Amino acid sequence: DARQSIASASFENTKLSTAKTILNINYVTTAQVMELCKLFSFENNKLAFAQYAYTRTVDPQNFYKVAAVLDCDSNKKTLNDFRRSNQR
């Protein structure tokens, strides 16, 4: 249901806010974060969602895998730096 709610949003900003709202009341796996990231068209929204999702991820030890859904090397580095600085 969450995936469908995000995917059905017409605008990229609506997708991001919907995804964040869903994560406010749910926890996700790294695999789910990767799948949800793929629903975003813009790289900056993928990165923003991934960073937001980190604290709601039940398997943070696997979160390094999320960088694979990003295209830009600088965004991969940004996400990995974020993960390292927010490790739990």
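Not measured: the values here are computed from a predicted model.
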Within the side chain of Gln32, is there an N or O that forms a donor-acceptor pair under 3.5 Å with the backbone of Thr29? yes
Distance check, rounded to the nearest 0.5 Å: Phe82 atom CZ versus Tyr52 atom OH? 11.0 Å
Ignoring hydrogens and angles, tell me if any N or O in the side chain of Glu12 forms a donor-acceptor pair with the backbone of Ser41 under 3.5 Å. yes
Not counting sequence neighbours, which residues clear side-chain hydrogen bond (donor to acceptor under 3.5 Å, both in side chains) with Thr30? List them please. Asp59
Euclidean distance, Leu36 CG relative to Lys38 NZ, rounded to 0.5 Å: 10.5 Å
Sub-4.5 Å side-chain heavy-atom contact between Lys76 and Leu79: no
Drop me the distance from Lys65's NZ to Met34's CE, to the nearest 0.5 angstrom. 7.5 Å
With a 4.5 Å cut-off on side-chain heavy atoms, are Gln87 and Tyr54 touching? yes
Any Thr14 side-chain heavy atom under 4.5 Å of Thr18 side chain: yes
Could you tell me if the side chain of Gln51 sits less than 4.5 Å from the side chain of Thr78, heavy atoms only? yes
In Å and rounded to the nearest 0.5 Å, what is the SG to CG distance from Cys37 to Leu70? 6.5 Å
Distance in Å, Asp1 CG paired with Gln4 CD, rounded so as to fall on 0.5 Å steps: 6.5 Å
The criterion is side-chain contact (heavy atoms from CB on, under 4.5 Å); which residues satisfy it with Lys77, sequence neighbours excluded? Asp81
Pairwise distance OG1(Thr55) to CG(Asn86) - rounded to 0.5 angstrom: 8.5 Å
Provide the closest heavy-atom pair for Val33 versus Ala50 in the form atom of the first, atom of the second, distance. CG1-CA, 4.4 Å
Sorted by first residue and then second, give each ring-ring contact (aromatic ring centres under 6.0 Å, His included) pair with at least one member in residues 12-42; sequence neighbours left out. Phe40-Phe49
Are Asn45 and Lys15 packed together at the side-chain level, in the sense that at least one heavy-atom pair is separated by less than 4.5 angstrom? no
Please give me the minimum heavy-atom distance between Asp71 and Lys46, naming the atom from each residue. OD2-NZ, 4.3 Å
